[in-house]
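Okay, structure first, notes after.
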Amino acid sequence: KSYKSMSEMKKLLPLIAIVLAGVTAAQTVDSPIPSIPATSDISSEQIEAAIQSVSASDGLDEETRADVTTLLRDAQSQIDNRLAANAAAAAFAEELDSAPAETRRLREALEQPAPEEPTADSFGIRDDTALDQIEQTLGRELASLAASEVRLAELESQLEGETGRPAAARERITALRATREALGALIASAPPPEEPTILSDARKLNAALKRDARSAELARLEQELLSNSARVDLLRARRDIAQRETTELRRRVEFLQQV
């Protein structure tokens with residue numbers, strides 16, 4: 001009986017060897033994933049090339065292939081997030097430099113005397129002016145007033161939003177710092193021993209690019225906080241200009257409606 005068991009075991013050895021070879025192949029397939037150092041130098045095109053390589057690989061099971069592809073697609077989006085945050089931070093820095101001068105210019109304009117009261121002469125209206133001509137002028141003024149009121153409402157909304165941004169930005173900064181630390185720990189941790197190397201590499205690259213994106217968002221928020229006061233001052237000046245223009249247009253409309 002023992003001899004028979006040994007004989008059956010020998011027959012199973014080739015099958016066991018095939019199974020083990022398949023597992024080993026999944027574990028040791030060459031990884032096309034870009035290395036983590038200098039992740040800020042990794043481009044979306046490099047990630048796309050890795051995705052295509054994974055798609056064409058014969059040594060991966062479909063579940064691993066799908067998981068790796070999902071991680072790499074998300075990594076691509078993190079590159080876009082980082083670039084967008086960098087651009088926004090640069091825009092905030094530029095506004096910090098330019099806003100004070102623009103605010104001064106608008107305040108100087110507001111110090112100028114208000115336009116005189118509208119008159120028939122200011123509209124070119126005479127005793128023989130046709131009624132339909134006056135109505136056309138009124139229509140144009142009403143359209144200008146409507147546009148000015150929309151612009152004023154937009155500025156009021158922007159001003160309200162920017163006034164409340166510092167608290168929200170600081171809260172987001174706190175959350176981002178915690179997330180960045182967690183991502184750093186994930187990158188430094190050892191992968192599960194049974195996990196295919198290519199999947200571990202994709203997971204770590206994804207985490208590294210997420211960390212880069214979060215760092216860029218932190219820089220953007222910090223620049224937003226630095227420039228907030230200057231931008232709020234500029235919005236207030238623009239709002240005051242819009243209020244003045246809207247008031248003047250209302251006076252013009254009221255005058256024409258009484259002609």
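Note that the coordinates shown come from a computational prediction; the quantities given were computed from them, not determined experimentally. Below, each value reflects all heavy atoms present in this structure, side chains not excepted, and no hydrogens, waters or symmetry copies.
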Flag, side chain of [X] to backbone of [Y], donor-acceptor distance under 3.5 Å:
X	Y	value
Ser55	Ile51	no
Arg231	Glu224	yes
Ser144	Arg140	yes
Thr69	Arg65	yes
Gln46	Ser43	yes
Thr246	Ala242	yes
Ser189	Leu186	yes

[atom2] on [Y] to [atom1] on [X], rounded to 0.5 Å:
X	Y	atom1	atom2	result
Asp80	Ser77	CG	OG	7.0 Å
Glu95	Glu102	CD	CD	11.0 Å
Ile198	Ile33	CD1	CD1	5.0 Å
Asn206	Asp74	CG	CG	4.5 Å
Leu96	Ser98	CG	OG	8.5 Å
Glu162	Arg236	CD	CZ	11.0 Å

Shortest non-hydrogen separation from [X] to [Y] and the atoms involved:
X	Y	value
Ala208	Ile187	CA-CD1, 3.5 Å
Asn81	Ala213	CB-CB, 4.1 Å
Ile79	Ile42	CD1-O, 3.6 Å
Arg244	Pro115	NH2-CD, 4.2 Å
Thr103	Leu234	OG1-CA, 3.2 Å
Pro191	Ser200	CB-OG, 3.2 Å

* Non-neighbouring partners of Arg238 that pass side chain to side chain donor-acceptor pair (under 3.5 Å), sequence neighbours left out -> none

* **Partner residues of Gln52 under the side chain to side chain donor-acceptor pair (under 3.5 Å) criterion, sequence neighbours left out** => Glu48

Under 3.5 Å, is there a donor-acceptor pair between the [X] and [Y] side chains?
X	Y	result
Thr64	Asp61	yes
Arg220	Gln223	no
Gln78	Arg214	yes

* Side-chain cluster (under 4.5 Å, hydrophobic types only) that Leu155 belongs to, other residues -> Leu159, Val232, Leu235

* Residues clustered with Ile173, ILVMFWY side-chain links under 4.5 angstrom -> Leu176, Leu218, Leu221, Leu225

* Structure fact -> Applying salt bridge (charged side-chain N to carboxylate O under 4.0 Å, His left out) to Asp67 and not counting sequence neighbours gives none

* **Glu63: partners by salt bridge (charged side-chain N to carboxylate O under 4.0 Å, His left out), with sequence neighbours left out** => none

Sequence neighbours excluded - ring pair (Phe, Tyr, Trp, His ring centres under 6.0 Å) pairs with any residue from [range]:
range	result
residues 127-179	none
residues 184-204	none
residues 132-163	none
residues 90-131	Phe123-Phe255

* To do: State which residues pass side chain to side chain contact (heavy atoms under 4.5 Å, CB included) with Arg203; sequence neighbours excluded, sorted by chain then number.
  => Leu71, Glu195, Leu199

* Asked: In this structure, are over 12 heavy atoms from other groups packed under 6.0 Å from Asp127 atom CG?
  -> no

* For atom CD of Glu94, decide whether the heavy atoms of other residues, nucleotides or ligands shown that lie under 6.0 angstrom number more than 12. => no

In terms of hydrophobic clusters joined by side-chain contacts under 4.5 Å, are [X] and [Y] together?
X	Y	result
Leu249	Leu110	no
Leu183	Ile47	no
Leu152	Val150	no

* **Sequence neighbours excluded, every pair satisfying side-chain hydrogen bond (donor to acceptor under 3.5 Å, both in side chains) that has a member inside residues 176-188** => Arg180-Ser215

* Give the C-alpha distance, both sets of side-chain angles, the deciding distance and a yes or no for salt bridge (charged side-chain N to carboxylate O under 4.0 Å, His left out) between Glu248 and Arg251. => CA-CA 5 Å; Glu248 173 59 18; Arg251 289 164 55 196; 3.0 Å; yes

